[in-house]
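Hydrogens, waters and symmetry mates are skipped; everything else that's a heavy atom, side chains included, is used. One-based numbering, in listed order, for ligands and for the atoms of each. Positions are given from 1, in the same order as the sequence printed here.
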Amino acid sequence: MELVVGAPAHGGHCVARHEGQVVFVRHALPGERVIAEVTEEHKGYLRADAVEILEASPDRVPAPCPYARPDLCGGCDLQHASPRAQLEWKTAVLREQLQRLARLGSDVSVEALPGDGFGWRTRVRYRVAAAGYAGLLKHRSNEVVPIDRCLIAHPSIQELPVLARQWPDVDVIDVVKPSEGPAQVVSGQAVRERAAGREFELGASAFWQVHPDAADTLAATVVEFLRPEPHERAWDLYGGAGLFSAALGCSSVLVEASPEGAEAARRSLADLPVTVIESTVERALGLADARRGHAGRQPAAVGGRPRRDVRGHEALLHGQVDIVVLDPPRTGVGARVVKMIHEARPRAVAYVACDPAAFARDLRTFLDLGWKLGGIRAYDLFPQTHHFETVALLEAPGS
Ligand SMILES: C[S@@+](CC[C@H](N)C(=O)[O-])C[C@H]1O[C@@H](n2cnc3c(N)ncnc32)[C@H](O)[C@@H]1O
């Protein structure tokens, strides 16, 4: 079908209309006239790939990677856009989500980090096809696309001979380029990372930010927003290996659901006044757990004291909390957790968001409870893809 492509939408595509139907078009830019091929039909909308560009946007550039094309690798959504156009795209998506879901006008802009937007990815999960070769997944598919190199991967990852050989016995290959030393295929061994002036030791499956400048950029923004005082008490929710607890410089309770993440925090922050609770945030706040899989696990806390089991919400809700960091996965925090935080009466919350839609919904819940948006920054921590990270300061009612 021939389409005139409209504005970008959340998810790496632009919106177009065809005979009254909404079409989400990948590999196109706003304003372009394209021939698009339908990839999925849904009730009320279609998904399509632009396969021929009839009138190109002045923002279009040739995608440097030969696999960033319709029907090939699904990793990069925006290689065909100039660096400036990528920032404008992400800025438009963020402002639109804030307007639509938080009912908030904002002039926030997504900011670039140093670098040319390639070679930044310090963690890559290659998939292995039944035929034994490693590659990356097609968009919205489990099909493994054979590639000879991923241009957004760190140069040291690109040099590893992972893609040139057969992998008969595995489904995934995790490769990490730690802060120091060369890239390595990881399976079980710990990895060392440096951020916020400290060293962290993590198991291969524990969460760590992917862009080499991400951890320091986000930690600096959180500290700048919250301005923690040494005597204050913090909650570091969805705390992972403890990046934000380390950066805050005050005492904190860190809640992390994954055993690997909680273990990494215990190991890495043992000298700090940080209590680590291995639990979902919901459970630690005394809410019924929304997530299966974590429902049966008893939270355990450690922090300067011998390890002992505690009921998570006792550890959290007893005592004063002054500041909270929220850094949830893409699903966001949810209204129940926002309300529990509101009831704990901290003076401020720093919300670190990897999904602008979930963030905007949670922000609306805070605003409805009388909180104010005190600051917002957004960073392009994932160049060539549609992803970015937002950090917001929320100030409590009356503060
Ligand atoms: C975006 S990461 C942030 C980690 C950490 N703040 C950092 O900057 O490295 C989100 C973390 O939340 C954890 N997580 C996911 N769902 C959770 C839940 N319901 N309760 C607690 N932790 C959760 C994940 O295991 C992951 O470590």
Side chains of T390 and Y379: any donor to acceptor distance under 3.5 Å? no

Classify the contact between F244 and ligand 1 as side chain, backbone, both or neither, using a heavy-atom distance cut-off of under 4.0 Å. side chain

Just distances here: any N/O of [X] and N/O of ligand 1 closer than 3.5 Å?
X	value
P328	no
E256	yes
Y238	yes
E282	yes

Salt-bridge contact [X]-[Y] (side-chain N to carboxylate O under 4.0 Å):
X	Y	result
R347	E395	no
K339	E343	no
D271	R198	yes

Please determine whether residues Y126 and V185 belong to a single hydrophobic cluster, defined as Ile, Leu, Val, Met, Phe, Trp and Tyr linked transitively by side-chain heavy-atom distances below 4.5 Å. yes

Suppose I only count heavy atoms of [X] and a 4.0 Å limit; which atoms of ligand 1 are within that range?
X	value
G240	4 (C), 5 (C), 27 (O)
S279	21 (C)
V281	18 (C), 20 (N), 21 (C)

Quick check on P329 - does any of its heavy atoms sit under 4.0 Å from an atom of ligand 1? yes

Taking only non-hydrogen atoms of A241, do any sit less than 4.0 angstrom from ligand 1? no

Contacts of F366 meeting ring-ring contact (aromatic ring centres under 6.0 Å, His included) (sequence neighbours excluded), chain-then-number -> W371

Restricting to heavy atoms, the pick from V255, D327, L218 nearest atom 7 (C) of ligand 1 would be D327

Which ILVMFWY residues can you reach from I35 by hopping between side chains whose heavy atoms are under 4.5 Å apart? V51, L54

Looking at D107, I'd like to know if its CG atom is crowded, meaning that more than 12 non-hydrogen atoms belonging to other residues, nucleotides or ligands lie closer than 6.0 Å. no

